[in-house]
Amino acid sequence: MTANRVVAVAVTLLMGCPLAACSSSWQYTTLTVNECVRKAKLAMRDSDFTEDLRVVSMDDRTVILGEHGGYKGRIYCDPNKRTVEVSGLDPEQTRLYRNSIISRF
């Protein structure tokens with residue numbers, strides 16, 4: 001990953017929610033991190049968050065990132081916990097997209 005790409009991912013992770021409407025939900029899970037990543041990629045794809053879909057590791061965290069029409073989706077896969085976040089301009093639409101991703105997990 002290039003240095004510019006790392007900086008862009010870091011900015012997305014650190015500043016996505018404060019600058020826009022953000023809907024976030026976390027849940028305990030019995031999935032391993034690898035199982036979570038596999039299911040998260042499918043959930044993002046099935047919810048149409050396929051633009052720039054990628055998996056990154058930062059600070060011992062595995063994050064699945066994707067975009068859909070100006071909305072950014074993130075799934076954090078941690079041991080025993082997963083977090084789904086969607087950010088964008090419309091708070092109601094961010095909740096709908098977040099729920100769409102969660103329902104596909």
| Closest approach of H68 to E51 (non-hydrogen atoms, all atoms of both residues) | CA-OE2, 3.6 Å
| note | Separation between CG (D90) and CZ (R95), nearest 0.5 Å, reads 8.0 Å
| remark: Rounding to 0.5 Å, atoms CG (L53) and CE (M44) come to a distance of 6.0 Å
| request: Please assess I102 against Q27 for the test side chain to side chain contact (heavy atoms under 4.5 Å, CB included), listing each intermediate value before the final yes or no. | output: CA-CA 10 Å; I102 290 170; Q27 300 169 319; 4.2 Å; yes
| said: So T94 and E92, do their side chains get closer than 4.5 Å, heavy atoms only? | reply: no
| task | State, yes or no, whether a side-chain contact exists between K39 and L31 at a heavy-atom distance under 4.5 Å. | result | yes
| note | One should read off an interatomic distance between R98 CZ and T83 OG1, to the nearest 0.5 angstrom, of 11.5 Å
| query | Can you check whether I101 reaches V86 side chain to side chain, under 4.5 Å on heavy atoms? | reply | yes
| query | Is any side-chain heavy atom of V55 less than 4.5 Å from a side-chain heavy atom of T62? | reply | yes
| query | Can you tell me if R74 and S24 form a side-chain donor-acceptor pair at under 3.5 Å? | reply | no
| field | Interatomic distance, S23 atom OG to L96 atom CG [nearest 0.5 angstrom] | value | 9.0 Å
| request: Apply side chain to side chain contact (heavy atoms under 4.5 Å, CB included) to S47 and R104, showing your working. | output: CA-CA 8 Å; S47 296; R104 287 164 170 77; 3.2 Å; yes
| field | Short N-O contact, E35 and R38, less than 4.0 angstrom | value | no
| request: Please find out if less than 6.0 Å separates the ring center of Y97 from that of F49. | output: yes
| Is the NZ or CZ atom of R82 both under 6.0 Å from the centre of the six-membered ring of F105 and within 45° of that ring's axis? | yes
| task | Show your reasoning for whether side chain to side chain contact (heavy atoms under 4.5 Å, CB included) applies to V33 and D78. | result | CA-CA 6 Å; V33 171; D78 296 309; 5.9 Å; no
| Could you give the distance from OG (S100) to CG (D48), rounded to the nearest 0.5 Å? | 7.5 Å
| said: A side-chain contact here means heavy atoms from C-beta on lying under 4.5 Å apart; do E85 and Y76 qualify? | reply: yes
| field | Straight-line distance of I75 CD1 to S25 OG, nearest 0.5 Å | value | 11.0 Å
